[in-house]
J.: 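Dumping the structure here so I can ask a few things about it.
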Amino acid sequence: MTDPARARPRENPTPEGVNPPAVRSPKLVQGIGFAFFRRKAMRNWIKRYGRIFEINVPIFGRSVVVSDPALVRAVCTASTEQLMNVQPNLGNWFGPGSTFGLDDTRHRDRRRLLAPAFHGQSIKNYEKLIVDETLRESANWPEDKEFRMLDSMNRITLNVILRTIFGADGSEGEIEQLSEIVPPYMKLGQLVAFLPTPPFPTGRHSPWGRLEELRKAFDRIVCTLIARAEADPSLAGRNDVLAFLLRNRHDEGTGMAPQDLYDELLTLICAGHETTASALGWAFERLRRHPSVLAELVSEVDEGGSAFRRATILEVLRVRTVIDVAGRRVRAPNFDLGEWRIPRNHTVLVRIADLHENPEIFPHPERFDPYRFHGSKAAAPTWLAFGGGARRCVGADFAIAEMDVVLRTVLKNFRIQTDAAADEKSYFRGIAHTPKLGGRVVLNRRT
Ligand code: HEM
């Protein structure tokens, strides 16, 4: 329960609204709590101040943290004149041409350009590819021996996104090279994504120097792939994302500048694979410990159904939130949020994980219970795994479809051994939250 004595608003009321209560501990303590013990710190702050409060932390500065559903809805539906994307954001890492780095008209245009590649029929076209990649990776899985599912899921989702984006035919060599470059790029990038680039040379062995080298190698390979696609006489009939983007550019005449295209392709690859792999890692981590859910999923797969699997995916994304925060920056002189007033240049952080763990929305939130979503929808502002509003995840439908096909393929071909192992803790890689031990499982082949 919120302690009412401590949850009083700050002392500087304005005529129309008051600033949210500010966390009182020193900035350094708040920064350490936010960076290294976020879940615990947030729980304590919610208990003490309520579901809206202000923290002051390195990188994001004065930030209002929100996890009340009505206030979250107001953040998600605010206009871009009121709230812009959080600063700094992943555009720092992927480049200024990335969706993450865009706002206003450029952001809307980019979303319009990307939408057809990640919807409906397009996703159906990728299904066979996802099955093939899952079978290819699982061919070498050991039996009766514990191993890390997360590593396999990372390989599957990386191969899937690379082939979804570039198409597989005739580009195997380049795709192979990209699959070597992307993992170290992701690992380093997550470490420094939100840090300012040092204003002095850091040398090629520093994280920034190494990132720059990897980025150059990425651009070189992608340049070859784009040139090949542009020269392809069958471009009009191709289903890959690059073909969509090039065709739209040609049709509308106002498509992406070359550097924007490079930045966006990198964005889709990086944003699109590790997030989905982490969610899949958590799915296996949960199933190992929930025999009745697993048994029901297996019978459903055998009967050709999918509704319970879909509910399970939504519940995994709730109970083990992969991206725990969606951020915005106040652009208007003030942003009025319910009874609260937030000044310009403040950050607004929607705490997705705390929404998902709110017992008033999800009774016994710690329980893994796919029945919560069986036959019912998971929607904003209470279920927010993919964020909300104009910046909701571009790849949400794609990610759910990919998780669905991977789970179905694994359950069809393998029996997962269940036991009472302790839950895996969460490990924060800088952007995504993953199972700390890698979602370890023991499997047998089904005959
Ligand atoms: C389980 C997997 C995934 C999760 C949990 C996830 C989660 C998120 C979240 C929370 C956001 C921020 C939304 C906001 O600010 O309101 C986001 C944005 C984004 N995601 Fe995902 N994502 C996933 C998979 C994907 C995939 C597969 C792709 C692409 C293929 C993708 C591409 C993007 C892009 C481009 C944005 C930026 C959207 C914008 O700023 O307009 N994500 N995602």
Side-chain angles (χ1 to χ4, degrees), residues 66 72-73 75-78 80 83-87 89-91 93-95 97-104 106-115 117-119 122-123 126 130 153-154 156-158 160-166 240-242 244-245 260 263-283 313-314 316-329 347-353 355-356 378 380-381 383-407 431-434:
V66 189
V72 168
R73 184 194 297 279
V75 172
C76 291
T77 53
T80 48
L83 296 179
M84 59 193 289
N85 201 11
V86 66
Q87 303 292 328
N89 58 54
L90 295 178
W93 175 17
F94 302 133
S98 155
T99 302
F100 285 103
L102 304 178
D103 274 293
D104 303 316
R106 288 193 70 205
H107 179 248
R108 268 194 304 277
D109 287 351
R110 179 63 56 78
R111 298 276 313 209
R112 215 175 298 129
L113 206 63
L114 292 175
F118 290 105
H119 277 129
S122 313
I123 293 177
Y126 308 136
I130 302 169
M153 294 302 123
N154 264 312
I156 292 173
T157 56
L158 178 56
V160 166
I161 196 76
L162 287 173
R163 286 172 172 78
T164 303
I165 288 180
F166 297 111
D240 51 271
V241 175
L242 177 60
F244 267 104
L245 296 182
D260 287 358
D263 290 351
E264 193 62 85
L265 293 172
L266 181 66
T267 300
L268 295 172
I269 293 167
C270 293
H273 93 274
E274 207 173 276
T275 43
T276 314
S278 306
L280 279 164
W282 279 122
I313 291 168
L314 300 178
V316 168
L317 289 166
R318 181 198 71 80
V319 80
R320 294 292 184 268
T321 304
V322 170
I323 306 285
D324 65 338
V325 166
R328 306 284 185 268
R329 162 77 56 112
T347 299
V348 177
L349 297 174
V350 171
R351 260 291 289 177
I352 302 173
L355 258 181
H356 289 176
W383 185 92
L384 215 70
F386 295 106
R391 303 205 83 97
R392 184 174 187 267
C393 176
V394 169
D397 293 348
F398 180 85
I400 290 187
E402 184 175 6
M403 288 181 71
D404 183 63
V405 177
V406 172
L407 278 175
I431 293 173
H433 290 262
T434 64

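Whatever order the structure lists them in is the order used to number ligands and atoms, beginning at 1.
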J.: What do we get for V350 next to ligand 1 when only non-hydrogen atoms under 4.0 Å count, side chain, backbone, both or neither?
T.: neither

J.: With heavy atoms of R111 as the reference, note each atom of ligand 1 found under 4.0 Å away.
T.: 38 (C), 39 (C), 41 (O)

J.: Minimum heavy-atom separation for V350 to V75, with atom names?
T.: CG2-CG1, 3.8 Å

J.: Do any N or O atoms from the side chain of R329 and from the backbone of T347 form a donor-acceptor pair under 3.5 angstrom?
T.: no

J.: Write out the residue and atom name of the closest protein heavy atom to atom 12 (C) of ligand 1, then the distance separating them to 0.1 Å.
T.: R391 O, 4.2 Å

J.: Identify, for atom 15 (O) of ligand 1, the protein heavy atom at the shortest distance, and state residue, atom and that distance.
T.: R328 NH1, 2.9 Å

J.: Hey, mind stepping through R106 and D109 against salt bridge (Lys or Arg N to Asp or Glu O under 4.0 Å) and telling me if it holds?
T.: CA-CA 5 Å; R106 288 193 70 205; D109 287 351; over 6 Å; no

J.: Run down the list F94, F386, W282 and name the one with the heavy atom closest to atom 11 (C) of ligand 1.
T.: F386

J.: Quick one: which ligand 1 atoms are inside 4.0 Å of a heavy atom on F118?
T.: 30 (C)

J.: Mark up the atoms of ligand 1 that fall under 4.0 Å of a heavy atom belonging to I161, in ascending order.
T.: 30 (C)

J.: Quick one: look up the protein heavy atom nearest atom 32 (C) of ligand 1 and list residue, atom name and how far away it is.
T.: A271 CB, 3.7 Å

J.: Give the contacting part of H273 toward ligand 1: side chain, backbone, both or neither, where contact means a heavy-atom distance below 4.0 Å.
T.: neither

J.: When rounded to the nearest 0.5 angstrom, what distance separates CG in L265 from CZ in F94?
T.: 12.0 Å

J.: Working note: S98 + T267, criterion side-chain hydrogen bond (donor to acceptor under 3.5 Å, both in side chains); need CA distance, chi angles, decisive distance, verdict.
T.: CA-CA 6 Å; S98 155; T267 300; 2.9 Å; yes

J.: Begin from the C-alpha positions of I323 and F386 and carry the test side chain to side chain contact (heavy atoms under 4.5 Å, CB included) through to its verdict.
T.: CA-CA 8 Å; I323 306 285; F386 295 106; over 6 Å; no

J.: Which bit of T276 gets closer than 4.0 Å to ligand 1, counting heavy atoms only: side chain, backbone, both or neither?
T.: both

J.: Which of the atoms of ligand 1 are close to G388, meaning less than 4.0 Å from one of its heavy atoms?
T.: 16 (O)

J.: Quick one: does V322 get an N or O within less than 3.5 Å of an N or O on ligand 1?
T.: no

J.: Tell me which protein heavy atom sits closest to atom 35 (C) of ligand 1, plus the residue, atom name and distance to 0.1 Å.
T.: V394 CG2, 3.8 Å

J.: Checking side-chain contact (heavy atoms from CB on, under 4.5 Å) against R391, which of D103, L83, T80 comes through?
T.: D103

J.: Assess whether salt bridge (Lys or Arg N to Asp or Glu O under 4.0 Å) is satisfied between D263 and R110, documenting all intermediate values.
T.: CA-CA 12 Å; D263 290 351; R110 179 63 56 78; over 6 Å; no

J.: State, yes or no, whether a side-chain contact exists between T157 and E402 at a heavy-atom distance under 4.5 Å.
T.: yes

J.: Would you say N85 contacts ligand 1, with heavy atoms under 4.0 Å as the rule?
T.: no

J.: Counting each atom of ligand 1 from 1 as listed, which ones have a heavy atom of H107 under 4.0 Å away?
T.: 39 (C), 40 (O), 41 (O)

J.: For atom 21 (Fe) of ligand 1, which candidate among C393, A401, A326 provides the closest heavy atom?
T.: C393

J.: Identify the protein heavy atom lying closest to atom 34 (C) of ligand 1, giving its residue, its atom name and the separation to 0.1 Å.
T.: F100 CZ, 3.9 Å

J.: Can you give me the closest heavy-atom contact between F118 and D397, atom names plus distance?
T.: O-CB, 4.1 Å

J.: Counting only heavy atoms not in R111, do more than 12 fall under 6.0 Å of its CZ?
T.: yes

J.: Nearest heavy atom to atom 7 (C) of ligand 1: which of A117, A432, A385 does it belong to?
T.: A385

J.: With heavy atoms under 4.0 Å as the rule, classify the contact between F398 and ligand 1 as side chain, backbone, both or neither.
T.: side chain

J.: Counting non-hydrogen protein atoms only, what is the nearest one to atom 26 (C) of ligand 1? Give residue, atom name and distance.
T.: G272 CA, 3.3 Å

J.: So, does E264 use its side chain to make a donor-acceptor pair with the main chain of T99 at under 3.5 Å?
T.: yes

J.: Using a 4.0 Å heavy-atom cut-off, say whether A396 meets ligand 1 through its side chain, its backbone, both or neither.
T.: neither

J.: Heavy atoms only: give me the nearest H433-T321 pair and the separation to one decimal.
T.: CB-O, 3.7 Å

J.: To the nearest 0.5 Å, how far apart are CG in N89 and CZ in F100?
T.: 8.0 Å

J.: Hey, which atoms in ligand 1 end up nearer than 4.0 Å to a heavy atom of I323?
T.: 7 (C), 10 (C)

J.: Could you find the nearest protein heavy atom to atom 24 (C) of ligand 1 and give me its residue, atom name and distance?
T.: T275 OG1, 3.4 Å

